[in-house]
Amino acid sequence: MPELPEVETVARDLRPLLVGSTIESLLVGERRLRNAWLADWTPLVVGRTIRELRRRGKWLPMVLDDGSVVAFHLGMTGQMTTHAVADPLADHVHFRLRLGSGERELRFRDIRRFGSIAWHATYAIWEEGLEERLGPEPWDLTTEAFLERLGKTLRPIKAVLLDQSVVAGVGNIYADESLFLAGMHPTTPGRDVTQSGAERLRGAIVDVLTRSIAARGSTIRNYVGGSGLAGGHQVSLAVYGRTGEECAKCGTAVECIRLAGRSTHFCPKCQAMPTGVSRGSR
DNA sequence: ATGCAGTCCTGTAAGC
DNA sequence: TGCTTACAGGACTGCA
């Protein structure tokens with residue numbers, strides 16, 4: 001389940017392989033992804049050169065030499081890797097960009113087809129279309145803006161972290177890990193998060209994501225980076241996927257509950273429920 | 001306006 | 001052994 005560190009790793013791996021390459025042709029599979037690739041888009045892309053591969057939240061917008069964008073989202077099981085054209089084609093490859101003189105290609109593989117690929121006339125138009133739904137990058141989130149969003153809601157903090165409009169790029173794994181690092185119970189109502197709590201959590205998110213990027217992300221099931229290599233951060237996860245195991249800090253068994261429709265892992269001792277003293281104050 | 005549940009999708013694993 | 005069922009969850013839709 002690619003979140004920010006995994007998507008960042010894909011971008012870093014693919015950049016040297018893609019930037020400067022010309023798209024010689026484009027092949028679309030029979031089964032559509034979350035959205036359908038429109039036939040009208042193909043002639044707009046073929047013949048163009050790839051100028052940049054950016055990352056924004058969990059999105060990968062590929063900027064072409066005319067300023068247009070092909071925006072990729074890996075969904076749950078998306079993979080983007082380059083191959084020799086002659087390499088055997090794996091199952092579930094839905095989209096291919098043949099590059100340069102046609103010996104290599106970028107392949108988009110997605111078992112569950114929650115991913116998406118779409119063309120947009122400019123980066124600004126693409127970004128504008130997401131404006132309402134995509135908040136700041138975690139390192140650009142200020143404690144003030146975070147508190148502003150938290151103060152208005154009774155939603156559990158875990159649900160707030162998964163909301164891409166609050167902060168972009170955090171998914172289920174890093175929401176749980178950040179809450180553990182901040183010592184905050186996942187059901188804490190947003191309104192009950194204090195200023196120091198918000199600052200601590202903001203720092204924990206940045207810390208967790210930065211360390212995961214350094215390890216090339218976490219491979220839980222299907223994730224591989226742009227070079228086809230798995231990530232290495234999964235061994236460093238403190239609570240995610242460790243139900244019943246001893247908390248590394250205090251030895252208490254890690255619990256798993258269902259929250260916001262997602263499995264939610266936490267240490268009941270290190271992440272004690274808020275006592276309620278702050279509730280209603282301010 | 002807010003927030004929840006349902007939806008999509010396939011592979012894996014648990015349960016009978 | 002072989003079937004059924006539950007589960008994994010990012011982002012969106014529809015409903016209360």
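Letters A, B, ... mirror the listed sequences (proteins, then strands); counts begin at 1.
- Mapping P156(A) and D91(A) onto DNA chain B via the closest heavy atom, the residue that lands nearer the 5' end is P156(A).
- Residue R48(A) forms a side-chain contact (heavy atoms from CB on, under 4.5 Å) with just one option from D66(A), T22(A), V70(A), and that option is D66(A).
- The minimum heavy-atom distance between L27(A) and R98(A), with the atom names listed, is CD1-NH2, 3.5 Å.
- Heavy-atom nearest nucleotides on DNA chain B were determined for R155(A) and for R34(A), and the one closer to the 5' end corresponds to R155(A).
- Counting any heavy atom pair closer than 4.0 Å across all strands shown, T153(A) reaches sugar-phosphate atoms only and no base atom.
- To the nearest angstrom, P of dA8(C) lies 18 Å from CD of E6(A).
- Atom P of nucleotide dG10(C) and atom CG of D163(A) are separated by 13 Å, given to the nearest angstrom.
- Using a 4.0 Å heavy-atom distance criterion, T77(A) is classed as making no nucleic acid contact.
- Side-chain N/O atoms of R31(A) include one lying less than 4.0 angstrom from OP1 or OP2 on dT10(B).
- When the P atom of dG3(B) is taken as reference, atom CG of L150(A) falls 12 Å away, rounded to whole Å.
- The shortest distance between side-chain heavy atoms of I213(A) and L4(A) falls below 4.5 Å.
- Summarising the geometry, the separation between CG on D110(A) and C1' on dT10(B) is reported as 10 Å, rounded to the nearest angstrom.
- dA1(B) atom P lies 14 Å from atom CZ of R149(A), rounded to whole Å.
- Summarising the geometry, the separation between NE2 on H94(A) and P on dT10(B) is reported as 8 Å, rounded to the nearest angstrom.
- Side-chain atoms of D176(A) and H265(A) form a donor-acceptor pair, as typed in the model, at a separation below 3.5 Å.
- At dA11(C), one or more side-chain N or O atoms of H73(A) fall inside 4.0 Å of OP1 or OP2 (strictly under the cut-off).
- Not a single donor-acceptor pair, N or O on each side, falls under 3.5 Å between the base of dG10(C) and the side chain of R112(A).
- Between L134(A) atom CG and dG10(C) atom P there is a gap of 14 Å when expressed in whole angstrom units.
- Using cut-offs of 30° and 60° for the angle between ring planes, the W41(A) and W37(A) rings count as perpendicular.
- Set against dT10(B), dA8(C), dA11(C), the side chain of M76(A) has dA8(C) as its closest nucleotide.
- The side chain of Q164(A) places no N or O atom within less than 4.0 Å of a non-bridging phosphate oxygen (OP1 or OP2) of dG10(C).
- Regarding L259(A), its CG atom lies at a distance of 14 Å from the C1' atom of dA5(B), rounded to whole Å.
- Neither OP1 nor OP2 of dC4(B) sits under 4.0 Å from any side-chain N or O of R262(A).
- Backbone-only contact: R258(A) has heavy atoms under 4.0 Å from sugar-phosphate atoms and none from a base.
- Residue R96(A) forms a side-chain contact (heavy atoms from CB on, under 4.5 Å) with just one option from V85(A), V28(A), L26(A), L89(A), and that option is L89(A).
- Residue H92(A) places at least one side-chain N or O under 4.0 Å from the OP1 or OP2 atom of dG11(B).
- Where Y240(A) and R133(A) each meet DNA chain C at their nearest nucleotide, the meeting point lying more 5' is that of Y240(A).
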